[in-house]
Amino acid sequence: MEYMPKKDCFAYDDAHFDCKALDKLYCTNEKCNFYKTHERNEKEQKKYSKYIFRM
């Protein structure tokens, strides 16, 4: 089975046809469990930002 990259994923790099979060674009070969949309990622960042240590 061939998979198509999920271009709405927050980690998808359209310019380089690559994943910014993982070492390769897994979603072209298998179902990627790391996938989430830009909107969901932003929502989770806001929700959990108080737990992230920033310098």
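One is the number of the first residue; the rest follow in order along the sequence.
Other residues, nucleotides and ligands place more than 12 heavy atoms under 6.0 Å from the NZ atom of K36.
Here the closest non-hydrogen pair linking D18 and L25 is C-CD1, 3.7 Å. The minimum heavy-atom distance linking K20 with Y12 is given by the pair CE-O, 3.9 Å. Residues C19 and K24 come closest through the heavy atom pair CB-O, 3.7 Å. Taking all atoms of both residues into account, the shortest heavy-atom contact from C27 to P5 is SG-CA, 3.4 Å.
Applying the under-4.5 Å side-chain rule to Ile, Leu, Val, Met, Phe, Trp and Tyr, the cluster around F10 extends to L22, Y26, F34.
D13 pairs by the side chain to side chain donor-acceptor pair (under 3.5 Å) definition with H16, not counting sequence neighbours. Considering only residues two or more places apart in sequence or on other chains, E42 meets the side chain to side chain donor-acceptor pair (under 3.5 Å) condition with none of them.
Put simply, CE on M4 and OG1 on T28 are 9.5 Å apart, with the number rounded to the nearest 0.5 Å. The distance from atom OG of S49 to atom NZ of K47, rounded to the nearest 0.5 Å, is 12.0 Å.
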*Going through the checks in order, is the salt bridge (charged side-chain N to carboxylate O under 4.0 Å, His left out) test met by E44 and R40?*
CA-CA 6 Å; E44 288 179 2; R40 179 176 166 202; 2.9 Å; yes

